Enquirer: 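Once you've had a glance at the structure underneath, I'll fire off some questions.
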Protein chains: 2
Amino acid sequence: MATLREVARLAGVSVTTASRVLNDTDRDHPVSDATRAAVTTAAETAGYRRSAAARALKNGRSRLIGVIASDVLDPYFAEMTRGIEVAAAAAGYVTVLANANRDPYQERSRFQVLREHGAAGIVFCGSDIDGAPGTAELAREVNHAMRDGTDVISLAPRGFAATEIVIDNEASSYDLTTHLLDLGNRQIAFVGGLPGLVAAEMRISGYRRAMYNQDRLPRVAGLDGMSQISGRAATERLLASATRPDAIICTNDETAIGALAAIWQAGLRIPEDIAIAGIGGTDTGRVFDLTSIELPLAELGRLAVECIVTHSTPVPPEYRLRLGRTTAPRNPIA
Amino acid sequence: MATLREVARLAGVSVTTASRVLNDTDRDHPVSDATRAAVTTAAETAGYRRSAAARALKNGRSRLIGVIASDVLDPYFAEMTRGIEVAAAAAGYVTVLANANRDPYQERSRFQVLREHGAAGIVFCGSDIDGAPGTAELAREVNHAMRDGTDVISLAPRGFAATEIVIDNEASSYDLTTHLLDLGNRQIAFVGGLPGLVAAEMRISGYRRAMYNQDRLPRVAGLDGMSQISGRAATERLLASATRPDAIICTNDETAIGALAAIWQAGLRIPEDIAIAGIGGTDTGRVFDLTSIELPLAELGRLAVECIVTHSTPVPPEYRLRLGRTTAPRNPIA
DNA sequence: TTGTAAGCGTTATCAT
DNA sequence: ATGATAACGCTTACAA
């Protein structure tokens with residue numbers, strides 16, 4: 001791989017001049033057109049590619065943006081990741097992906113590696129589990145990194161002191177529940193979550209508040225996952241229970257898709273027999289015309305990158321309610 | 001951030017010794033226990049993190065593995081990516097994600113950046129579109145990289161000379177079609193694809209071969225995408241047509257999910273009125289009990305990493321037919 | 001068993 | 001407008 005020195009020799013100039021022509025930052029340094037052309041040509045014919053390693057070493061920082069996601073397979077995080085990747089690429093950065101399974105120890109080890117690579121910023125996608133072992137160590141590591149000038153962003157509520165760009169989970173769930181109540185649903189169950197998972201618990205809180213508000217009894221089921229399969233299992237259990245709910249609010253679109261699968265296989269009609277709503281607003285939800293709280297996932301990713309690149313403090317965007325065909329006004333049977 | 005020199009000073013040894021203790025490669029160099037302990041402690045207290053940039057510069061290679069995916073949001077590629085990420089992390093590598101939208105120019109620019117970072121290997125997830133502009137330039141870039149010792153792996157059929165770890169698309173589709181015919185389906189349509197997309201066209205070929213084999217007329221529809229939404233749209237059109245097929249084979253699980261959505265919303269029964277099958281074997285398909293060709297996606301990712309790390313030439317794993325509840329034996333109406 | 005020193009490719013400082 | 005040179009933090013022959 002051709003180096004700057006080789007290009008310089010080929011163009012008959014010093015490495016300094018070659019660097020000035022080929023560099024992003026020093027582009028405006030006065031260089032004669034002839035020299036500039038010579039260097040450009042030389043770089044072209046030599047097949048020159050600058051060394052990111054050398055630049056990173058020299059600058060003390062790389063143009064890497066780390067993403068630590070709870071689950072890369074979950075479209076919720078995948079859409080965030082994609083938003084980050086696209087924005088990062090546009091800004092000349094590169095996205096490093098790390099999967100952490102909501103385990104603070106894994107998060108920390110991935111975080112450390114990202115730090116070793118001199119990442120310009122590190123973005124957490126996914127909230128933490130209250131009291132999970134390793135949380136304190138992770139927090140310390142994050143603090144060190146931030147002292148070193150690494151931007152740490154979180155796109156979900158976290159216990160450590162990162163810059164948070166977070167949607168109001170409680171309020172969004174409250175709004176969604178209230179909407180379903182206003183449609184005439186009486187027995188609304190909430191499905192999905194993970195014990196201690198902060199974002200999920202905030203959604204449950206919002207649901208509870210809305211239910212109590214209209215004197216209805218909350219019913220939470222299936223606190224055993226955020227995936228399609230756990231949503232399906234929980235819904236199957238609900239359908240088999242003595243009193244079937246007339247609506248289910250799911251902790252995210254994934255569990256909602258699982259709920260749809262369960263209901264269809266049980267031969268029930270949606271929304272006549274049972275209404276379904278999710279939280280997330282992912283593409284898959286859209287295909288099934290799922291009523292959902294639409295969160296600007298890709299936009300959150302874009303904002304995180306903006307925050308890292310320009311050191312700004314962005315305002316989190318709003319969510320909105322998307323009305324699909326999995327809910328409809330219900331005539332209360334007197 | 002503490003450097004090796006600082007650690008060495010703190011431990012009262014030379015940088016060489018410090019390096020030897022903290023290094024992966026030179027771990028077995030003879031160092032006295034006392035010295036070793038001193039260095040370890042010093043590194044600990046100084047909060048030492050080695051610089052990946054310096055190592056990469058010195059070694060001429062980084063421990064980065066690049067992934068160029070057609071669409072990170074498609075679970076098909078997301079599962080591959082996750083397989084790569086997990087295997088890479090286990091081997092002490094880090095995964096760089098790049099989204100390329102099946103555009104050779106984007107693929108090339110991402111590839112170049114990956115090369116600038118001295119990636120140990122670059123993995124392509126997704127096949128190419130026959131004759132797409134930019135293909136030749138990409139191929140040249142790939143050749144350069146391979147000459148430089150960068151491992152280039154492709155997990156889908158591609159026009160350039162990378163190491164391919166690819167499932168037999170034609171055969172898998174042939175097998176699936178034959179299975180549906182054997183179940184008694186007569187009018188089997190094929191849905192999904194993109195004009196020129198090699199992997200998709202191979203699947204269509206397999207379908208055609210199986211159909212002709214049993215004297216049935218092939219019917220291909222919806223060559224306008226590989227996504228859920230395009231699968232839904234194509235299926236809606238099929239349902240509205242004069243002769244409704246009794247089974248649909250989809251180019252991938254995503255379009256199959258879209259087909260399910262369309263059929264459910266049309267109020268038809270699956271598999272009684274119409275049977276559905278996909279190709280891919282992703283998690284979402286599993287939730288819907290979709291009959292599908294199960295491809296070892298994560299395993300392909302793992303193999304790619306193995307190939308890069310150990311320079312082996314792995315054997316591509318086999319696919320298998322997964323029987324779900326979206327197909328069933330059909331009693332031919334005489 | 002430990003240390004010295006060169007050099008990886010780039011950029012920044014300071015001349016010219 | 002251009003160039004010489006010294007770092008950046010690490011690895012590794014080569015010495016001791």
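Side chains included, hydrogens not; waters and symmetry mates left out as well; all remaining heavy atoms used. All of these numbers come straight from a predicted model, not from anything done at the bench. In what follows, chains carry the letters A, B, and so on, assigned in the order in which the sequence lines appear, proteins first and then strands, with residues in each chain numbered from 1.
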Enquirer: B/Ile65 and side chain to side chain contact (heavy atoms under 4.5 Å, CB included): which partner among B/Ile122, B/Leu114, B/Ile308?
Expert: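 Option passing the side chain to side chain contact (heavy atoms under 4.5 Å, CB included) with B/Ile65: B/Ile308.
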Enquirer: For D/dC10, does OP1 or OP2 lie under 4.0 Å from any side-chain N or O of B/Asn59?
Expert: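 No.
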Enquirer: How is B/Arg20 classified with respect to the nucleic acid when contacts are heavy atoms under 4.0 Å: base, sugar-phosphate, or nothing?
Expert: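 Contact class for B/Arg20: base.
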Enquirer: Determine whether any donor atom in the side chain of A/Lys58 lies under 3.5 Å from an acceptor atom in the base of C/dA12, or the reverse, and answer yes or no.
Expert: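 Counting by modelled atom types and ignoring angles, no donor-acceptor contact under 3.5 Å is found here.
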Enquirer: Does A/Arg50 place a side-chain N or O at less than 4.0 Å from the phosphate oxygens OP1/OP2 of C/dG9?
Expert: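 For C/dG9, OP1/OP2 do not have a side-chain N/O of A/Arg50 under 4.0 Å.
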Enquirer: Choosing from D/dT11, D/dG3, C/dC8, which nucleotide comes nearest the side chain of A/Arg5?
Expert: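 Of D/dT11, D/dG3, C/dC8, C/dC8 is nearest to the side chain of A/Arg5.
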Enquirer: To the side chain of A/Leu4, which of D/dG3, C/dT11, D/dT11 is closest?
Expert: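 Of the candidates, C/dT11 comes closest.
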Enquirer: Among the candidates C/dA5, C/dT10, C/dT13, find the nucleotide nearest to the side-chain atoms of A/Thr16.
Expert: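 Shortest atom-to-atom distance from the side chain points to C/dT13.
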Enquirer: Among D/dT12, C/dT4, D/dC10, which is the nearest nucleotide to the side chain of B/Thr3?
Expert: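 Per side-chain heavy atoms of B/Thr3, the pick is D/dC10.
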Enquirer: Using atom CE of B/Met1 as one end and atom C1' of D/dG9 as the other, report the distance to the nearest whole Å.
Expert: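 Spelled out: CE on B/Met1 to C1' on D/dG9 is 12 Å.
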Enquirer: Rounded to whole Å, how long is the line connecting atom CZ of A/Arg63 with atom P of C/dT10?
Expert: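 Nearest whole value for this atom pair: 15 Å.
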Enquirer: Look at B/Glu85 together with A/Arg110 and state whether they make a salt bridge at an N to O cut-off of under 4.0 Å.
Expert: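 Judged by the 4.0 Å cut-off on N to carboxylate O distance, B/Glu85 and A/Arg110 do form a salt bridge.
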Enquirer: How do B/Thr25 and A/Asp33 order along DNA chain D: which one's closest nucleotide is nearer the 5' end?
Expert: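 Its nearest nucleotide being more 5', the pick is A/Asp33.
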Enquirer: Classify the angle between the aromatic ring planes of B/Phe111 and B/Phe124 as parallel (below 30°), tilted (30 to 60°) or perpendicular (above 60°).
Expert: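 Ring orientation, 0 to 90° scale: parallel.
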Enquirer: What does the inter-axis angle of the helix from C/dT1-D/dA16 to C/dT16-D/dA1 come out as, five pairs per end, nearest 10 degrees?
Expert: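 Answer rounded to 10°: the end axes differ by 40°.
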Enquirer: So, B/Glu6 and B/Arg9, do they make that salt bridge, N to O below 4.0 Å?
Expert: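 Looking at B/Arg9 together with B/Glu6, the answer is no, because their closest N to O distance does not fall below 4.0 Å.
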Enquirer: Is any side-chain heavy atom of A/Val142 closer than 4.5 Å to one of A/Arg108?
Expert: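 SC-SC contact between A/Arg108 and A/Val142 ruled out.
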Enquirer: Of all the choices, D/dC10, D/dG3, D/dA7, which nucleotide is nearest to the side chain of A/Val13 once you look at every atom?
Expert: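 The answer is D/dG3.
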Enquirer: May I ask you to verify if any side-chain N or O of B/Asn23 is less than 4.0 angstrom from the OP1 or OP2 atom of D/dC10?
Expert: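 So the side-chain polar atoms of B/Asn23 never come under 4.0 Å of the phosphate oxygens OP1 or OP2 of D/dC10.
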Enquirer: Got a salt bridge between B/Arg50 and A/Glu116, using NZ or NE/NH1/NH2 to carboxylate O under 4.0 Å?
Expert: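 Answer for the salt bridge query: yes.
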Enquirer: When you get a sec, tell me which of C/dC8, D/dT11, D/dT2 is the closest nucleotide to the side chain of A/Thr35?
Expert: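 Selected nucleotide: D/dT2.
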Enquirer: Enumerate the salt bridge (Lys or Arg N to Asp or Glu O under 4.0 Å) contacts for residues 147-157 of chain A, please, sequence neighbours excluded, ordered by first and then second residue.
Expert: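 Sorted result for residues 147-157 of chain A: A/Arg115-A/Asp148.
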Enquirer: For A/Glu116 and D/dT11, give me the distance from atom CD to atom P, rounded to whole Å.
Expert: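 My rounded result for the distance is 11 Å.
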Enquirer: Rounded to whole Å, please give me the gap between CZ in A/Arg9 and P in C/dG9.
Expert: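 After rounding, the gap between these two atoms is 13 Å.
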Enquirer: Would you say D/dG3 has OP1 or OP2 under 4.0 Å from some side-chain N or O of A/Thr17?
Expert: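 Checking D/dG3 against A/Thr17, a side-chain N or O does come within under 4.0 Å of OP1 or OP2.
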Enquirer: Between P on D/dG9 and CZ on A/Arg115, what's the gap in Å once rounded to a whole number?
Expert: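 Spelled out: CZ on A/Arg115 to P on D/dG9 is 14 Å.
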Enquirer: To the nearest Å, how far apart are B/Arg61 CZ and C/dG9 C1'?
Expert: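 The distance from CZ of B/Arg61 to C1' of C/dG9 comes to 15 Å, rounded to the nearest Å.
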Enquirer: Just to confirm, is there a sub-4.0 Å distance from OP1 or OP2 of D/dA4 to any side-chain nitrogen or oxygen of A/Ser14?
Expert: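 Looking at the OP1 and OP2 atoms of D/dA4, neither is under 4.0 Å from any side-chain N or O of A/Ser14.
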Enquirer: State, without any angle test, whether A/Ser14 and A/Thr17 hold a side-chain donor-acceptor pair at a distance under 3.5 Å.
Expert: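 There is such a pair between these side chains.
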Enquirer: Quick one: which of C/dT11, C/dT2, D/dT2 gets closest to the side chain of B/His29?
Expert: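 The nucleotide sitting nearest to the side chain is C/dT2.
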Enquirer: Rounding to a whole Å, what distance do you find between A/Tyr48:OH and C/dG9:P?
Expert: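 Whole-Å distance recorded here is 10 Å.
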Enquirer: For B/Ala54 and B/Val31, take the nucleotide of DNA chain C holding the closest heavy atom to each; which residue's nucleotide lies nearer the 5' end?
Expert: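 Its nearest nucleotide being more 5', the pick is B/Val31.
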Enquirer: With respect to the side chain of B/Ser32, which nucleotide from D/dA7, D/dT12, C/dT2 is positioned closest?
Expert: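 Of D/dA7, D/dT12, C/dT2, C/dT2 is nearest to the side chain of B/Ser32.
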Enquirer: Between A/Asp71 and A/Arg102, is there a side-chain N and carboxylate O pair less than 4.0 Å apart?
Expert: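 Looking at A/Arg102 together with A/Asp71, the answer is no, because their closest N to O distance does not fall below 4.0 Å.
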